[in-house]
Each structure stands twice: as structure tokens, then as C-alpha cells.
Amino acid sequence: TAVASSLPQVATNDSLLPIVSSQRERFRQRNLELEAETRQLHQTIAVLRNEVDTLRSDNIKLYEKIKFLQSYSSSGGGGAGRGAMAPSGGGLASVHVGGDEAVDRYSSQYEEKLDPFTAFSRREKQRKYMGLSAPERVTLGISQFVLSNKKARTVAFFYTLLLHLLTMVVSSMCPIATCEIRHSASGPASRIENG
């Protein structure tokens, strides 16, 4: 009886084996399909990321050109407000920059890329330098030389220290000399008046 009861189990196991085996093959095949699909999606994502980066840099370059056209227009007196006139094809085309979200986004990205403080400070330095008189330019040149050169800074420091010491010595000697001059000046004059 024990042998008879184990025979149906073996028969059941033999009938389940092809089912489980075919299910395993289906899952293996599905797994391979999903892995291939995943690889393809990763490649697509990489291509799309490259495309997005390219489009972003193109948009920033376009925004840079718009800003150039606006500054050219405002410096040349050709336009007003946020629009600029630019040569395009055979005639002039108006370039308008609106206040929409895309322009603001690319504006901030452009400014981050450009580091506006460097360009602004360079323009301001040039503008202020041109406004200086000749003696002020000479003084600025000398001070820049002294501050940029270690030996020149050392010489300037000891020269300044020497001048301060000389001034202090002369200032401390001056009251003594003044008192002696007054005393010697008052001496003969008082004798003449008294005598």
C-alpha cells in the first residue's frame, strides 16, 4: 500500500515537471525580453539626455545672442525696451524677448554660465579707468605695481616706516628747537629793552 500511494505522487511529479519546466522557459524568455527592453530604454534615455543637454546649450547660446542684440540695439540707439533690431536674411527682423517662463529659465542658466560679475566688473573698471585724470592713472598704475610685487611691497613698507620715524623725530625735536629759539630771541631783546 505504501508503494501504491507513492506511485500517484511520482506520476503527479512527472506530469508537473514538464509544466514547471515550460513555465521556467517562458519566464526565462520573458526575462530576456525585459532585459533587452531595459537595455534599449537605457540607450534611449542616454540619447534623450544628450539631446536635452544639446538643446539646453543651444537655447543658452540663442539667449546669449538675444542679449547681444539687445545690448547692441541699446548702445547703437536702434531699439527700445526688450526688443532689438537684427539683420536677418535680406532685411531687418525684430527680436522680442518676452517675460515667459522659458526665457527666465534660460536667462538664469545663461547668467550662471557666463559669470556676469566678471564681465560687469571688467566693464566697470574700464569705465572708471577712462574717467580718471592723468595723475590719477599714474597713481593707480604705481599702486597696482606695488601691490602686485612682493619686493615692491617690502620696499614701500620700509620706506613708509622710515618716513614715519623721520617725521616723529623731527616733530619731537621741533618743540625743543622752538623753545631754544624763543629763549635765545627773548634774551637779547629783553636786554635791549631793559638796558
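No experiment lies behind these values; they were computed from the predicted model shown.
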Counting C-beta onward and ignoring hydrogens, is there a side-chain heavy-atom pair between Gln29 and Glu33 closer than 4.5 Å?
yes

Is any side-chain heavy atom of Arg39 closer than 4.5 Å to one of His42?
no

Looking only at heavy atoms, which two atoms of [X] and [Y] are closest? And how far apart?
| X | Y | answer |
| --- | --- | --- |
| Ala156 | Val146 | CB-CG1, 3.9 Å |
| Arg137 | Met130 | NH2-O, 3.2 Å |
| Ser133 | Glu136 | N-OE1, 2.9 Å |

Neighbour count >12 (heavy atoms, 6.0 Å) for atom CD, Gln40:
no

Can you tell me how far apart [atom1] ([X]) and [atom2] ([Y]) are? Round to the nearest 0.5 Å.
| X | Y | atom1 | atom2 | value |
| --- | --- | --- | --- | --- |
| Ile142 | Leu147 | CD1 | CG | 11.5 Å |
| Ser22 | Arg28 | OG | CZ | 12.0 Å |
| Arg24 | Ile19 | CZ | CD1 | 14.5 Å |
| Gln70 | Lys65 | CD | NZ | 15.0 Å |
| Leu48 | Gln43 | CG | CD | 12.0 Å |
| Arg30 | Glu37 | CZ | CD | 6.5 Å |

State plainly whether one hydrophobic cluster holds both Val138 and Phe145, where clusters connect Ile, Leu, Val, Met, Phe, Trp and Tyr through side-chain heavy atoms under 4.5 angstrom apart.
yes

Check step by step if salt bridge (Lys or Arg N to Asp or Glu O under 4.0 Å) holds for Glu64 and Lys61.
CA-CA 5 Å; Glu64 182 178 11; Lys61 287 177 185 175; over 6 Å; no

